Asks: 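One structure coming up, written as structure tokens, with questions to follow.
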Amino acid sequence: MRVCIVSLGTNWWAMHSRDLDDPYCFRRRAAWFNSAGLRYGSRLRLCWAYPGHIRFNQKSGFQPEYPQRSIGKTFLCSGPNCVGGRTHLLFARLLDGTEPDLYLVTVTDASNGRISFSSPAWRSAGVRPISISLRGRRYEAMLLMGAQDWVRTDLGMWGVHSESHRLVLAMEVLK
């Protein structure tokens, strides 16, 4: 499937090859992971209500020094797969000039309003959670959404604007 990145989560970490004799072990066969997390001052809290992450391999076209450059880009992905109770989404390689099938979107209480996760009507049927961190009224949720999918918050219904590849209130999606 082809996934366009609209926004990324707060939590980042990396893995390197186990061959520490290799002078390039932190770059060759490296992997970078991203997931939902909540920042409290300078501390990052993992309050996973729905555990999962996305992964970029070294050959995927992802630049770990500049993760924001991947926003708006479309990648070939495998998954999402559920392993050990966690959702995994692998971004295999960067694609040029192709229309995405799905969008990776991160929503937060500060930017998008509060979501009632206990209500079954907080999302459309096509929305697939990748990772959700939840603590009290604060949350960060990484979601896979199609062009017609939506998420309901106390501010309204949010959807992906297919032309600008950004998350907007439903009134703007209908224009």
Side-chain angles (χ1 to χ4, degrees), residues 1-13 32-40 43-56 67-68 70-92 95 98-175:
M1 84 177 111
R2 299 175 306 251
V3 177
C4 178
I5 298 175
V6 174
S7 51
L8 295 163
T10 302
N11 183 24
W12 284 96
W13 71 96
W32 297 273
F33 300 88
N34 183 239
S35 147
L38 298 174
R39 189 163 297 285
Y40 286 90
R43 301 188 92 174
L44 179 66
R45 305 256 186 213
L46 299 178
C47 312
W48 280 342
Y50 193 94
H53 63 264
I54 62 172
R55 173 183 175 150
F56 297 95
Q68 297 303 318
S70 62
I71 292 180
K73 304 275 172 78
T74 302
F75 289 81
L76 181 64
C77 294
S78 64
N81 301 315
C82 190
V83 178
R86 293 184 180 185
T87 303
H88 304 273
L89 180 63
L90 173 64
F91 283 73
L95 299 173
T98 58
E99 283 298 312
D101 301 320
L102 298 170
Y103 298 89
L104 179 72
V105 176
T106 302
V107 293
T108 65
D109 58 309
S111 299
N112 306 98
R114 284 186 286 224
I115 293 177
S116 175
F117 289 105
S118 59
S119 168
W122 71 270
R123 63 184 171 121
S124 64
V127 174
R128 292 186 259 178
I130 299 297
S131 176
I132 299 174
S133 281
L134 178 64
R135 188 172 192 173
R137 293 183 171 209
R138 292 196 55 205
Y139 74 89
E140 181 174 84
M142 291 178 68
L143 310 169
L144 273 180
M145 299 176 67
Q148 305 301 319
D149 291 326
W150 50 265
V151 174
R152 184 186 316 272
T153 70
D154 61 352
L155 298 179
M157 292 174 61
W158 296 84
V160 177
H161 193 274
S162 59
E163 292 176 16
S164 63
H165 301 301
R166 61 187 180 96
L167 192 66
V168 294
L169 281 169
M171 291 182 302
E172 295 182 39
V173 175
L174 298 174
K175 289 182 182 178

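Everything quoted here is computed from the prediction, not taken from an experiment.
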Asks: Give a yes or no on whether the backbone of Tyr40 and the side-chain of Arg45 come within a donor-acceptor separation of less than 3.5 Å.
Replies: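 No; zero donor-acceptor contacts below 3.5 Å.
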Asks: Step by step, work out the side-chain contact (heavy atoms from CB on, under 4.5 Å) result for Met1 and Cys77.
Replies: CA-CA 5 Å; Met1 84 177 111; Cys77 294; 4.3 Å; yes
Asks: Starting from the C-alpha separation in whole Å, work towards a yes-or-no answer on salt bridge (charged side-chain N to carboxylate O under 4.0 Å, His left out) for Asp109 and Arg114.
Replies: CA-CA 5 Å; Asp109 58 309; Arg114 284 186 286 224; over 6 Å; no
Asks: Are the aromatic ring centres of Trp13 and Phe33 under 6.0 angstrom apart?
Replies: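 Close enough - the centres of the two rings lie under 6.0 Å apart.
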Asks: Mind listing the closest non-hydrogen atom pair of Pro100 and Val3 along with its distance?
Replies: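 The answer is CB-C, 4.4 Å.
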Asks: Closest heavy-atom contact between Thr106 and Asn112?
Replies: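 Looks like O-OD1, 4.4 Å.
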Asks: Indicate the atoms forming the closest heavy-atom contact of Thr108 with Tyr139, along with that distance.
Replies: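 What the structure gives for the nearest pair is O-OH, 3.3 Å.
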Asks: Run the numbers on Ile54 and Leu8 for side-chain contact (heavy atoms from CB on, under 4.5 Å), then give the verdict.
Replies: CA-CA 9 Å; Ile54 62 172; Leu8 295 163; 3.8 Å; yes
Asks: Determine the minimum heavy-atom distance between Arg135 and Cys47, stating which atoms define it.
Replies: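 Minimum heavy-atom separation between Arg135 and Cys47: CD-SG, 3.7 Å.
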Asks: Keeping the roles fixed (side chain from Asp154, backbone from Ile115), state whether a donor-acceptor pair exists under 3.5 Å.
Replies: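 No: the side chain of Asp154 does not pair with the backbone of Ile115.
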Asks: Looking at Arg138, I'd like to know if its CZ atom is crowded, meaning that more than 12 non-hydrogen atoms belonging to other residues, nucleotides or ligands lie closer than 6.0 Å.
Replies: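 Counting other residues, nucleotides and ligands, CZ of Arg138 exceeds 12 neighbours.
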Asks: Ring centroid separation for Phe117 and Tyr50, is it under 6.0 angstrom?
Replies: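 Ring centres of Tyr50 and Phe117 not closer than 6.0 Å.
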